[in-house]
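Down below is the structure, laid out as structure tokens.
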Amino acid sequence: MKPIQMVDLKGQYEKIKADVDRGIQEVIDTTSFVKGGKVNEFQAALEQYLGVKHVIPTGNGTDALQIALMGLGLKPGDEVITPTFTFIATAEVVALLGLTPVVVDVDEKTFNMDLKAVERAITPKTKAIVPVHLFGQNADMEALLNLAHNHHLYVVEDACQSIGATYTFSNGTQKKSGCMGNIGCTSFFPSKNLGCYGDGGAIFTDDDDLAARMRAIANHGMVVRYHHDFIGVNSRLDSIQAAVLLAKLPHLDEYIVARRKAAAYYNNAFAGCDKIETPYTAPNTDHVFHQYTIKLMDVDRNALQAKLKEKGIPAMIYYPVPLHLQKAYQDPRYKAGDFPVAEKLCSCVLSLPMHTELDEEQLQYITSSILALV
Ligand SMILES: *Cc1c(COP(=O)(O)O)cnc(C)c1O
């Protein structure tokens, strides 16, 4: 059996090696390393794939989120609502910009923002909501967009884990993850579903004015060369990363299928086990399984994780501590117990190996080992 990894980037690379290597070599041959033709080519290819008007490449997903909030022109003290169960970057950029993160609990089945909690958290200072499509499943966007519309709030989607996921509105309209709110943000970190071989990210929007402003902000606030209309940052996707992404984008849909196949195998294997709750997918969205995350019932998680490790099976806890209990984000408004669903999830979730290269022998070994241990 091949060794089991959380993510197998080498196995994936070997299947597309010729295209990746050729693309990288072309960048070196042209020495067009920054803002090269490959970046424009990738931008156009991703716009087409997503069905969105503007893709703005950035240096990473965290920058994408920061530039999005800067593009909206939010002011210190403005409140931005984010879920407490997420990767730190979502709230980090809010805090960095002097905005006030207002955290809300999540839904115990989908792990995504609880919209009743969002509604309760809205105040006259609220300016934006940042839903996270956690683990690859879209948040309940139709209800969230209605709520945002009624309260005149911006919506910035954190689609760092959900690129390629599709959401279906009640009128049958379908949209790609990150292309429903005012702005969407994604990451091309190597382990993400569309990962490059270093850092990378992108912003999506259908709004021409916002796109122009965010494109300028990502480039030192520059519209005409050496004329700076905004205070900006330096955040670029480099051409070598764009070449890797151009080779991988045509395979994204088949990568999603491979992830779903692995998820279906896990679901099936764990179906009869009352110690394991398998991931739930809401009816209005599909799931691209950036992570395959189970909930353990009455199981010593640390002991299980350690025993799996001995058997050569990695498993990770995404995430062990909710935002409101992180040291750097201590806030007199929040204390332990305030967001019981997120706190419970942090104590019982376990993410299993999930990538495009898992084979049946590995899946059989992982699932039978877990079933024997719980
Ligand atoms: C990965 C990730 C980010 C940050 O992306 P980077 O490219 O690592 O900066 C932000 N939010 C979520 C939910 C993520 O998973």
Side-chain angles (χ1 to χ4, degrees), residues 6-7 9 42 46 55-70 80-97 101 103-104 106-107 110-113 128-139 141 144 155-165 177-178 180-181 183-204 214 218 233-238 240-242 244-245 248 259 285 287-293 316-323 326 328-329 342 345-346 349 351 354-355:
M6 279 305 281
V7 181
L9 297 176
F42 171 64
L46 190 57
V55 165
I56 302 158
T58 59
N60 56 64
T62 308
D63 282 0
L65 288 160
Q66 179 175 337
I67 293 162
L69 295 175
M70 290 171 77
V80 177
I81 300 176
T82 73
T84 188
F85 188 59
T86 179
F87 179 59
I88 200 68
T90 319
E92 187 174 46
V93 296
V94 175
L96 267 177
L97 292 172
V103 300
V104 297
V106 294
D107 177 82
T110 63
F111 307 152
N112 283 326
M113 247 177 181
I129 308 173
V130 183
V132 181
H133 306 305
L134 202 71
F135 303 148
Q137 169 172 212
N138 288 300
M141 287 304 288
L144 191 142
V155 174
V156 176
E157 299 172 65
D158 181 340
C160 288
Q161 301 188 357
S162 60
I163 194 159
S177 195
M180 296 173 270
I183 305 173
C185 298
T186 204
S187 164
F188 306 123
F189 185 75
S191 64
K192 297 284 156 86
N193 286 23
L194 179 63
C196 59
Y197 294 169
D199 273 308
I203 302 170
F204 320 140
M214 294 190 292
V233 296
N234 170 19
S235 185
R236 297 186 279 241
L237 182 73
D238 69 66
I240 286 181
Q241 301 311 332
V244 173
L245 291 165
K248 287 178 80 168
R259 286 173 178 275
T285 177
H287 202 315
V288 295
F289 292 101
H290 173 59
Q291 299 296 343
Y292 182 87
T293 303
M316 301 287 285
I317 297 164
Y318 301 122
Y319 294 93
V321 181
L323 203 67
Q326 295 286 354
Y329 291 80
L345 290 176
C346 288
V349 288
S351 297
M354 174 49 77
H355 55 77

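Note: hydrogens, waters and symmetry copies are ignored here, and every other heavy atom, side chains too, is used. Whatever order the structure lists ligands and atoms in, that order sets their numbers, starting from 1.
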Would you say the side-chain atoms of Ser177 pair up with the backbone N or O of Gly164, donor to acceptor, closer than 3.5 Å? no
Side chain or backbone, does Gly61 bring an N or O within less than 3.5 Å of an N or O on ligand 1? yes
Under a 4.0 Å heavy-atom limit, does His290 contact ligand 1 with its side chain, its backbone, both, or neither? neither
Out of Gln161, Glu92, Gln291, indicate the one that has the non-hydrogen atom closest to atom 15 (O) of ligand 1. Gln161
Considering only non-hydrogen protein atoms, determine which one is nearest to atom 8 (O) of ligand 1 and report residue, atom name and distance to 0.1 Å. Ser187 OG, 4.1 Å
For atom 13 (C) of ligand 1, what's the nearest protein heavy atom and its distance? Asp158 OD2, 3.4 Å
Among all the protein's non-hydrogen atoms, which is closest to atom 4 (C) of ligand 1, and how far away is it? Thr62 OG1, 3.5 Å
Is Ser351 close to Thr293 at the side-chain level, that is, under 4.5 Å between some pair of heavy atoms? yes
Looking only at protein heavy atoms, what sits closest to atom 10 (C) of ligand 1 is Cys160 SG, 3.4 Å
Restricting to ring-ring contact (aromatic ring centres under 6.0 Å, His included), what partner residues turn up for Phe135, sequence neighbours left out? Phe111
Are Phe42 and Phe188 an aromatic pair by the rule of ring centers under 6.0 Å? yes
For ligand 1, the portion of Val132 having any non-hydrogen atom under 4.0 Å away: side chain
For Asn60, the atoms of ligand 1 under 4.0 Å from one of its heavy atoms are 7 (O), 9 (O)
N/O donor-acceptor pair under 3.5 Å between Lys248 side chain and Gly195 backbone: yes
Side chain to side chain donor-acceptor pair (under 3.5 Å) between Thr58 and Asp63, worked out: CA-CA 7 Å; Thr58 59; Asp63 282 0; 6.0 Å; no
Considering distance alone, does some N or O of Thr86 sit under 3.5 Å from an N or O of ligand 1? no
Do Tyr292 and Arg259 have side chains that approach each other closer than 4.5 Å (heavy atoms only, starting at C-beta)? no
Among all protein heavy atoms, pick out the one at the shortest distance from atom 2 (C) of ligand 1; state its residue, atom name and that distance to 0.1 Å. Lys192 NZ, 2.7 Å
Would you confirm whether Thr186, through its side chain, and Ala159, through its main-chain N or O, come within 3.5 Å as a donor-acceptor pair? yes
